[in-house]
Amino acid sequence: MDLTLLKQHSACAWEIPAQGKMRVPAMIYASRELVRAMDHKVYEQAVNVAMLPGIVGASHVMPDAHWGYGFPIGGVAAFDADAGGVVSAGGVGFDVSCGVRCLHTGLRREHIMAVQRELAEALFERIPAGVGSTGAIRLNSAQMDAMLSGGAKWAVERGWGSNADLERVEEHGQMLHAKPKFVSEQAKKRQREEMGTLGSGNHYLEVQEVTAVFDAAIASAYGLHQGDIVLMIHCGSRGLGHQIGTEFLRKMVEAAPGYGIILPDRELACAPIRSDLGQEYLGAMRAAINCALANRQILTQLVRDVFAKLLPSAQLPVLYDVSHNTCKLETHKVDGQPRELYVHRKGATRAWGPGHPELPQALRASGQPVLIGGSMGTGSYVLAGTKASESLAFSSACHGAGRAMSRHQALKTWNGRTVVDELAQRGILIRSPSMRGVAEEAPDAYKDVNAVVDAADAAGLARKVARLEPLVCIKG
DNA sequence: ATGTCC
């Protein structure tokens, strides 16, 4: 990206001033180096989002942003329904409510290393992974609707996990106002055999070691200490979310002219929040959020089953569960006044600051855990939400390393088997059904996650708490 | 991300 197009506010905050048809400015939160490395397409997309009806404040770009469908991945935009605001399927993304869940284990590195290979095999055997992977669960029509309304709460009621898990999940495990009746039969059909599966692409399940602590007080409140072993699950709403995204994108493209919405890019297809199509999408999208929450809840129980056999001393309570592809109705202060806004976060994590009433009591004083999935080789982070992010980007932060190279380019550059062997030499065991997938996900196909979280911290979006490095990775 | 092109 051409830095001369930007007005620098601070080391990690850059403005694209409102110009032309932009209703608000765009803000990019990243270091000079990260901004310079961003594709010019991110600039264009952030500008295009700023043109949409009813947008409030600014079109925000997180430090891990890259070129996406319509909206950048790493984009945050809030809309006011009373001001003609819109909801956009492309502003949420195809993998609705894709997110990360972190489990404690109560174990230390030596416990894992004693059984590292067996653990990798057992997790790989128990966790269905890869394109089109299916699980052991079959849902009939009534059960599907109950899952789409109930989310992780439904899964716990069915025996996957415990009530204590739910308070550590956004929305307390259940996204309200989901409307399964607006989820097509085709979307439900695609999901019928996919509950409790990891999926493919950048989805993974990792056993990780806490290798650095940056804020000892918050880390302790989160129950994280140097050398602790945690487990991260990164996955989403599988075929159901993808089908919903595909169908509503098409409907929104077709309907936009009728709503008088002129799109700078047809990929920004959207509908007024106060329209039948907008409400249908919100109802279906919330159902997909519940699908993802239920999926991560079921996977949690599968993981606990594996540990119960192999490492029976382990306890695996949930640290937290965040989604990073959503549109949620939230209250935010704008110019000192609280307003109800529909906040799109696409490849961006909600990051409530200290004191937020939706946080569980044990975490409230520290701010929300923000779980950042890195790449297979470079590690992950736990950050904490800040007060500052409320006024910066509607309490949002980054979500991962962010791709630096296309899948196509990565395939030309790396061989999957070689990537697995090189990581094994560094003590990281990868198990995947797809060596092609591993090549696409090679660590160097991603931005430097350290630089991304440093920028998020410096910008004030979230505070660095702990760094995690993988020992075992099940890759979709 | 994705029954990686109905």
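Quick note on labels: first sequence line is chain A, next is B, and so on, each numbered from 1.
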**Asked** With a 3.5 Å cut-off and no angle check, do the side chains of A:Asp64 and A:His399 form a donor-acceptor pair?
**Response** yes
**Message:** Taking side-chain hydrogen bond (donor to acceptor under 3.5 Å, both in side chains) as the cut-off, I'd like each qualifying pair that reaches into residues 269-286 of chain A, sequence neighbours left out, listed once.
**Reply:** A:Asp82-A:Arg274
**Item:** Sugar-phosphate only, base, or nothing, as touched by A:Ser237 at under 4.0 Å among non-hydrogen atoms
**Value:** nothing
**Spacing of A:Arg403 atom CZ relative to B:dT4 atom P, expressed in whole Å** = 18 Å
**Prompt:** Which residue, A:Arg407 or A:Val131, contacts DNA chain B at a nucleotide closer to its 5' end, judged by nearest heavy atom?
**Reply:** A:Arg407
**Residues forming a salt bridge (Lys or Arg N to Asp or Glu O under 4.0 Å) with A:Glu193, sequence neighbours excluded** = A:Arg138
**Asked** Looking at DNA chain B, which of residues 92-99 of chain A put a heavy atom within less than 4.0 Å of it?
**Response** A:Phe94, A:Asp95
**Request:** Return each pair, listed once, that meets side-chain hydrogen bond (donor to acceptor under 3.5 Å, both in side chains) where at least one residue sits in residues 91-100 of chain A; pairs must be two or more places apart or across chains.
**Result:** A:Asp95-A:His203, A:Ser97-A:Ser323
**Prompt:** What integer distance in Å separates A:Arg250:CZ from B:dT2:P?
**Reply:** 20 Å
**Asked** Does NZ or CZ of A:Lys251 come closer than 6.0 Å to the centre of the six-membered ring of A:Phe248, within 45° of the ring's axis?
**Response** yes
Please tabulate, for the side chains in residues 436-444 of chain A, all donor-acceptor contacts under 3.5 angstrom to protein atoms that are two or more places apart in sequence or on a different chain.
{"from": "A:Arg436", "atom 1": "NE", "to": "A:Glu440", "atom 2": "OE2", "distance (Å)": "3.4"}
{"from": "A:Glu440", "atom 1": "OE1", "to": "A:Arg407", "atom 2": "NH1", "distance (Å)": "3.2"}
{"from": "A:Glu441", "atom 1": "OE1", "to": "A:Tyr446", "atom 2": "OH", "distance (Å)": "2.6"}
{"from": "A:Glu441", "atom 1": "OE2", "to": "A:Arg403", "atom 2": "NH1", "distance (Å)": "3.3"}
{"from": "A:Glu441", "atom 1": "OE2", "to": "A:Arg407", "atom 2": "NH1", "distance (Å)": "2.8"}
{"from": "A:Glu441", "atom 1": "OE2", "to": "A:Arg407", "atom 2": "NH2", "distance (Å)": "3.1"}
{"from": "A:Glu441", "atom 1": "OE2", "to": "A:Tyr446", "atom 2": "OH", "distance (Å)": "3.4"}

**Complete:** Sorted by number, residues from residues 238-248 of chain A placing a heavy atom under 4.0 Å from DNA chain B are A:Arg238, A:Gly239, A:His242
**Message:** Donor-acceptor pair, distance only, cut-off 3.5 Å: does the side chain of A:Lys346 make one with the backbone of A:Tyr69?
**Reply:** yes
**Fill in**
CG of A:Leu371 to CD1 of A:Ile233, rounded to nearest 0.5 Å, is 11.0 Å
**Request:** Apply ring-ring contact (aromatic ring centres under 6.0 Å, His included) to the pair A:His234 and A:His324, showing each step before the final yes or no.
**Result:** CA-CA 10 Å; A:His234 178 202; A:His324 49 228; 5.2 Å; yes
**Asked** A:Leu198 has an atom CG; how far is it from atom P of B:dT2, in whole Å?
**Response** 9 Å
**Message:** Please report the distance, rounded to the nearest Å, between NE2 in A:His408 and C1' in B:dT4.
**Reply:** 14 Å
**Message:** Base, sugar-phosphate or nothing for A:Gln186? Non-hydrogen atoms, less than 4.0 Å.
**Reply:** base
**Request:** Measure the distance from OH on A:Tyr69 to C1' on B:dT4 and round it to the nearest whole Å.
**Result:** 16 Å
